[in-house]
Amino acid sequence: MPNDSITITFPDGSTSDYERGATGYDVAASIAEGLAREALAAEVNGEVRDLHRPLEDDATVNFLKWDDREGKSTFWHSSAHLMAEAIQAIYPEAEFGIGPPIEQGFYYDVDFQGRTVTPDDLAEIEDKMQELAKRDVPYERRAVTKDEALAYYSEEDDNPYKRELIEELDEEITFYEQGDFTDLCRGPHIPSTGPIKYAKLLNTAGAYWRGDENRNQLTRIYGITFPKKKLLDAFIERREMAKKRDHRRLGRELKLFTFDDKVGAGLPMWLPKGTRLRETLSDFLQQEQMKRGYEPVVTPHVGRLELYETSGHYPYYQESQFPPMIEDEETGEGYLLKPMNCPHHVQIYANERHSYRDLPVRLAEFGTVYRSEQSGELGGLTRVRGFTQDDAHVFCTPEQVKDEFKDVIDLALKVLGALDFDEFTAQISVRDSGDTSKYTGDAERWDRAEQAIREAADEMDLDAEEEPGEAAFYGPKLDFMVKDALGRDWQLGTVQLDYNLPERFDLEYVGADDDRHRPVMIHRAPFGSLERFIGVLIEHCGGEFPVWLAPEQVRILPVGADFLGYAEDVAPRLREADLRAKVDDSDDTVGYKIREAETQKIPFMLVVGEREEDAGTVAVRRHGEGEQSVVPVADFIEQVQSEIGAKLERS
RNA sequence: GCUGACGUAGCUCAACUGGUAGAGCAGCGCUCUUGUAAAGCGCAGGUUGUCCGUUCGAGUCGGACCGUCAGCUCCA
């Protein structure tokens, strides 16, 4: 092969030769004009690069377009630069921090030197961005030395934030320039500003420089951009849809729960319908747990301060707890509203001596705990100050850890399946291998534990990502994460290994060798907190709960007062079959009754009138489908029961 | 806790630059007695989140507090 030519391999395996130094754009153009026009960046040997960077060697090349994840994020990264240029044009005194792409758009952290940015300002910046984009100027990459870079950010553009970033860089330093704006940036970027046709700046927020609350707070501006109007419209529509699924709104509309200023922030009150939902959910889990050898316990909502001093919770998490009730100022003795159930469960374990033959001991309680979350953290049901954990603690031998983990994973999968949560991620949190000093317990035990979790996940066919450094100080854990309507991730179920508490409380069991041994403790909660779980569940199903969970499953709608009697006869038959049914005895029209039941998202509406009464049938209308079929009451009951059974048996 | 926005009837929202609050839905009453997503008429509903201040006069301006929302930080 001649020295001045290189071989490019494409994703489909085909190859082509090009002149050394040809750019990604040249290659794309040689394939198709449309590709060259739509390509936003090139993936060269797996690394995303500017389309216009020359290719110096043989390589595998894949072109990234809007539809590619990386293509989008390159587009948004370039958009962040464009926004910065617009901001600089309007506020020359602004200093820029960092401006990365995110899952949905991008942001830039800006120091406006004390100026407050209003929504009107955002509109102005937005307009400026679209104006600047129209110039269709290229994003140009330029490598600079550290000294040059530092000089630029002290002489041409005095910016301490960028200087700080540069000081810490070891790799090659590059600047990107478009129009009048130069930014320290690793890249890559799209070829030019032209494709950024539609820009929407979403909101502003304070963000600490480098995420450190002791440092300056910058103004973070969130935005999103699109190459086509249709995409922008779809984005806006999706946001509207998400708003309709917001659990706070549905909680009110479906009369599930409420918050009240007079009661306090973050303290949800469950209305009758929400309570029925909660109880159905906890009954379901309790039955599952019964089958798996869990034993129910009940413990009080407060405990002596000393208990939490021993467990370590009181000293470590003081700032997020309600203040203790001190009874004796001199000794400092008093009580604490419980922030965790585990110390109580530990004392139940310690209540009697345990043989290795007893283990595992699995103590379960729907325990309500109280935490004084920072005020800015509260939000709907997903972050509250009083919540109920579907908590259980498993005390077992180190050898049993893996099987116990497997059983909990199985339980969690069953729960997620019964609720149609098909999209969730599992995360295994392990030690930070670089800094082991902050973890309790010896390294060998940790290794074994982490390995046990990995194997358990693997053997259960659970696709889990590993997160180094995310483990708690007392042990590794496995969490289940689910997204809410706005795409935010929430941790729901959790399984955590704990070496710390058995140690602190000096727990033991007698082994086959007649010696005393330390049990391992597993904290696990498949729902996590009932409040958060239900919040996410509401958004997940948009308030249309699976039939088995619906607080009201059936509503009977007599077409007129004459048929109220028949409706009242049908209702008890349904209730005897364990269906939650209600008769609409209002004097509204049928149309109105249906509308009412539809809005309340009741799965089944049974319209009854003369025809039904005479034949002993009901006219079934399913929520959202409007379809109807007339069947005998017994058939309807059977139909619903088998639907419920099918869902709950799915594992 | 921090930054910003916001708080008017149960809900959704209106009230121009300061001139003592208005609508729809829900609720209640009466009429209608109903066949698959809103029957008609009427009535009632508010210390404009709370407190303090500026003003002849505050829903509207200022301050503090409470709460809500979006982020940041935190999350046993």
Side-chain angles (χ1 to χ4, degrees), chain A residues 102 107 109 112 116-119 121-122 202-222 243 246 248-249 252-253 255 258-266 308 311-321 338-343 369 371-380 382-383 389 391 472-475 477 486 488 490-491 494 496 498 500-501 523 525 529 532 557-564 586-600 605-612 619-628 630:
Chain A
I102 52 178
Y107 66 80
D109 285 345
F112 281 97
T116 302
V117 179
T118 66
D121 297 335
L122 287 189
L202 302 166
N203 50 46
T204 61
Y208 302 108
W209 172 237
R210 317 208 81 177
D212 184 342
E213 59 183 313
N214 298 314
R215 305 196 61 178
N216 252 356
Q217 194 163 37
L218 309 182
T219 304
R220 175 170 299 179
I221 300 182
Y222 286 89
K243 259 192 212 160
D246 190 313
R248 291 165 293 202
R249 176 193 179 121
R252 191 184 327 108
E253 287 174 358
K255 298 187 176 30
T258 184
F259 290 89
D260 190 308
D261 290 6
K262 293 190 185 72
V263 173
Y308 290 100
S311 73
H313 293 118
Y314 181 62
Y316 289 156
Y317 297 102
Q318 215 173 127
E319 73 295 335
S320 57
Q321 283 164 9
K338 74 173 170 188
M340 283 295 269
N341 299 304
C342 15
V369 298
R371 296 180 190 172
S372 177
E373 302 287 356
Q374 293 185 13
S375 59
E377 277 314 316
L378 302 174
T382 39
R383 206 72 194 273
Q389 294 177 311
D391 211 356
F473 72 90
Y474 52 78
K477 59 176 182 168
L486 291 169
R488 291 175 296 200
W490 290 102
Q491 181 200 307
T494 182
Q496 314 188 352
D498 188 346
N500 183 45
L501 282 187
H523 309 249
S529 103
R532 175 179 296 177
L557 315 174
V559 297
D562 291 346
F563 311 104
L564 189 55
S586 70
D587 55 3
D588 296 308
T589 60
V590 176
Y592 188 84
K593 289 176 185 176
I594 287 173
R595 184 186 149 78
E596 198 49 27
E598 288 283 3
T599 338
Q600 287 292 304
M605 286 150 274
L606 304 182
V607 178
V608 295
E610 190 174 3
R611 297 195 291 271
E612 288 74 21
V620 182
R621 179 189 165 110
R622 230 195 138 111
H623 167 67
E625 293 175 15
E627 88 185 20
Q628 36 177 329
V630 180

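Naming: A, B, ... by sequence-line order, numbering from 1 per chain. The basis for the numbers below is simple: all heavy atoms, side chains too, and nothing from hydrogens, waters or symmetry mates. Since the structure is predicted, the reported quantities are computational estimates derived from the model, not experimental observations.
Side chains of A:Phe112 and A:Ile221 form a contact here, defined as non-hydrogen atoms less than 4.5 Å apart.
If you measure from atom OH of A:Tyr222 to atom P of B:C69, you get 17 Å, rounded to the nearest angstrom. Computed from coordinates, the A:Tyr208 OH to B:G4 P distance equals 11 Å when rounded to whole Å. Distance A:Asp261 CG to B:G49 C1': 7 Å, rounded to the nearest Å. One interatomic measurement links the two molecules: CG of A:Asn341 to C1' of B:A76, which rounds to 11 Å at whole-angstrom precision. The interatomic distance linking A:Phe259 (CZ) with B:G7 (P) rounds to 21 Å, in whole Å. A:Arg220 places its CZ atom 18 Å from the P atom of B:C2, with the value rounded to the nearest Å. Distance CD1 (A:Ile594) to P (B:A37): 5 Å, rounded to an integer number of Å. For the pair A:Asp109 CG and B:C2 C1', the computed distance is 14 Å after rounding to whole Å.
The base of B:A76 is paired with the side chain of A:Ser320 by a donor and an acceptor separated by under 3.5 Å.
Considering only the side chain of A:Val559, B:G35 comes nearest among B:G35, B:A76, B:G4. Comparing B:U36, B:U68, B:G71 against the side chain of A:Ala265 picks out B:U68 as the nearest. When distances are taken from the side chain of A:Asp587 to each of B:U34, B:C74, B:G35, the shortest belongs to B:U34. In the set B:A37, B:U34, B:G67, the nucleotide with an atom closest to the side chain of A:Arg595 is B:A37.
Residue A:Val117 is the one, among A:Val117 and A:Thr589, whose nearest nucleotide of RNA chain B lies closer to the 5' end (criterion: closest heavy atom). For the pair A:Arg532 and A:Lys593, both in contact range of RNA chain B, the more 5′-proximal nearest nucleotide belongs to A:Lys593.
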Under 3.5 Å, which protein N or O atoms sit close to an N or O of nucleotides 26-29 of chain B? Give each pair with its distance.
unit_1: B:A26; atom_1: OP1; unit_2: A:Tyr592; atom_2: OH; d: 2.9

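Separating the C1' atom of B:G22 from that of B:G35 is a span of 38 Å, rounded to the nearest Å. B:A15 and B:A9: their P atoms are spaced 15 Å apart (whole Å). Taking atom C1' on both nucleotides, B:G7 is separated from B:U48 by 10 Å, rounded to a whole Å. Taking the C1' atom of each, B:G45 and B:U3 are spaced 39 Å apart, rounded to whole Å.
Shortest non-hydrogen contact noted between A:Gln321 and A:His313 is NE2-O, 3.1 Å.
Contact check, A:Arg252 against B:U12: a side-chain N or O comes under 4.0 Å of OP1 or OP2. For B:G1, the OP1/OP2 oxygens have a side-chain nitrogen or oxygen of A:Ser375 closer than 4.0 Å. For A:Arg248 and B:A70, the shortest distance from a side-chain N or O to OP1 or OP2 is below 4.0 Å.
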How is the base pairing of RNA chain B summarised as a dot-bracket string, given the Watson-Crick and G-U wobble criteria with both distances under 3.5 Å, [ ] for crossing and | for another strand? (((((((..((((.....[..)))).(((((.......))))).....(((((..]....))))))))))))....
